[in-house]
There are 2 protein chains.
Amino acid sequence: MEHPGWEPRRVVAVEPVLPEGVTPPGTRGRILQEALALFAEAGFAGTSIRQIGSAVGINSATLYAHYPSKEHVLAALVTIGHEEMHARLAEAVERTRQDGPAERLTALVRAHVLIHTDFPLLALVTNGEIHALSPEQAEPALALRHACWQFLLDVVEDGVARGDFAVPDVLLAAGAISAMGVRVPAWFGPDQAFTREQVARDYAEFALRIVGASAPPRS
Amino acid sequence: MEHPGWEPRRVVAVEPVLPEGVTPPGTRGRILQEALALFAEAGFAGTSIRQIGSAVGINSATLYAHYPSKEHVLAALVTIGHEEMHARLAEAVERTRQDGPAERLTALVRAHVLIHTDFPLLALVTNGEIHALSPEQAEPALALRHACWQFLLDVVEDGVARGDFAVPDVLLAAGAISAMGVRVPAWFGPDQAFTREQVARDYAEFALRIVGASAPPRS
DNA sequence: GTCTATATTAGGATAGAC
DNA sequence: GTCTATCCTAATATAGAC
């Protein structure tokens with residue numbers, strides 16, 4: 001019961017893309033990029049400092065001139081991922097502040113899906129390897145994560161309060177909507193038939209259907 | 001944009017439950033149970049053979065009297081997980097073979113959700129750590145996985161062909177439905193407000209809404 | 001089946017030269 | 001900033017006694 005185009009690798013995407021503007025210049029940035037690709041494929045614990053160095057083209061010891069430990073490399077990636085996610089969702093919330101629940105939910109789900117299509121490796125590492133961080137290193141990211149979850153919850157709750165949405169349970173509905181986007185990196189990639197726009201449009205439609213705000217024609 | 005009750009651990013559940021009847025007796029079974037708990041928490045690469053032995057209460061060397069390698073322990077778990085998943089879904093498919101698409105989809109989603117509520121650790125390891133296996137070790141499980149995916153695809157396609165379902169895209173709809181269940185172990189656990197029945201019922205309803213077969217009352 | 005002891009390799013991280 | 005060399009620990013796995 002897996003996803004379209006699933007294959008026996010952890011990720012489909014290949015290019016370790018990071019958001020523009022936030023990647024540090026020079027070797028520091030290249031370390032992040034190569035670590036991202038390796039962490040996404042084999043996990044944090046399954047990746048050695050020597051592998052990262054060799055992928056970057058430097059000696060493993062040189063890495064410590066840029067980051068004090070392997071964990072700090074992961075922490076940098078997790079921070080970037082959560083900040084980009086929060087920034088995009090906050091923008092969607094802000095842009096549709098005056099609109100109704102259905103428009104706001106659409107914008108939020110679209111943003112959520114698109115960050116997973118645009119940065120699949122980063123999303124995977126951000127969500128899946130944060131547990132490898134110490135509580136202190138993870139805490140700021142967890143705060144952003146909670147804020148993102150609250151964005152979604154607020155919209156669904158408001159839609160229900162206004163009578164625009166009808167769900168058996170708000171938390172379960174929001175969890176289902178979130179799950180759709182979170183799983184996107186497991187199957188979305190260059191060798192597959194869908195465009196990012198298509199996925200964003202259809203998943204936004206599914207979200208509306210989940211909350212009972214879109215009734216497609218019945219036969 | 002995470003799930004209800006999410007916390008900074010990889011899993012919420014504690015008890016490393018395995019399906020009845022398939023767990024080998026004695027030390028072999030205890031090794032599987034403890035390895036399951038450890039793999040779920042820290043991943044395959046993040047768990048050492050010494051940790052497993054110490055959790056079981058045996059010396060790490062003794063483990064090799066039962067399994068030839070750490071990878072074989074994981075392979076046993078991945079096999080159990082996929083076989084249980086396939087068995088439950090096949091039972092749901094078989095039981096509703098004479099029914100319409102909506103009933104069949106309901107039964108399938110219910111079974112999919114319930115296996116994730118009943119064996120959250122096993123589902124997590126089965127889905128998330130299979131990539132750590134060699135292709136030969138992973139192949140039988142991948143075949144079962146594909147069969148499970150086909151169960152879902154068949155129902156959705158049949159529903160569309162009969163005009164009972166209306167979706168913008170069959171693969172994206174099936175992927176969304178599958179994603180809901182796959183994420184359940186990330187938040188479902190003993191310290192949370194929902195029963196397994198509640199989640200199964202509501203997620204089956206969401207699946208029907210996704211395929212356009214359930215239109216809730218609008219205000 | 002289980003232990004102690006150990007071989008062997010790999011891993012994270014540091015020291016110090018250039 | 002980058003290298004070579006190295007320390008130290010922990011990892012998988014095996015040998016052989018009981």
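Sequence lines set the chain letters: A, B, ... in the order given, protein chains first and strands last, and positions in each chain run from 1.
A cation-pi geometry, defined here as NZ or CZ lying under 6.0 Å from the six-membered ring centre and within 45° of its normal, holds between B/R28 and B/Y67. For the pair B/R110 and B/Y203, the cation-pi criterion (under 6.0 Å, within 45° of the ring axis) is not fulfilled.
Rounded to a whole Å, the CG atom of B/N59 is 6 Å from the P atom of C/dT4. The nearest whole Å value for the distance from the CD atom in B/Q51 to the P atom in D/dA13 is 15 Å. For the pair A/L63 CG and C/dG11 P, the computed distance is 14 Å after rounding to whole Å. Protein atom CZ of A/F44 is 8 Å distant from nucleotide atom P of C/dG12, rounded to whole Å. Note: CD1 (A/I49) to C1' (C/dT14) measures 13 Å, nearest angstrom. Rounded to whole Å, the distance from CD1 on B/I58 to P on C/dG1 is 11 Å. Spacing between atom CD1 of B/I31 and atom C1' of C/dG1 amounts to 11 Å, rounded to whole angstrom units. Between B/I52 atom CD1 and D/dA13 atom C1' there is a gap of 13 Å when expressed in whole angstrom units.
Between B/H82 and B/H86, the distance from one ring center to the other does not fall under 6.0 angstrom.
Side-chain nitrogen and oxygen atoms of B/T27 include at least one within less than 4.0 Å of the OP1 or OP2 phosphate oxygen of C/dT2. For A/S69, no side-chain nitrogen or oxygen approaches OP1 or OP2 of C/dG12 to under 4.0 Å. Residue B/T62 places none of its side-chain N or O atoms closer than 4.0 Å to OP1 or OP2 of C/dG1.
Under the 3.5 Å distance criterion, with hydrogens and angles disregarded, no donor-acceptor pair is assigned to the side chains of A/Q198 and A/D202.
The A/H66 side chain lies nearest to D/dG1 when the options are C/dA13, C/dT4, D/dG1. Taking the side chain of B/Y64 as heavy atoms from C-beta on, and the options C/dT14, C/dT2, D/dT14, the nearest nucleotide is D/dT14. Of the candidate nucleotides D/dA13, C/dG11, C/dT4, D/dA13 has the atom nearest to the side chain of B/K70. Listed nucleotides: D/dA13, C/dG12, C/dA15. Nearest to the side chain of A/A61: C/dA15.
Taking a cutoff of 4.0 Å between a charged side-chain nitrogen and a carboxylate oxygen, B/R104 and B/D158 qualify as a salt bridge.
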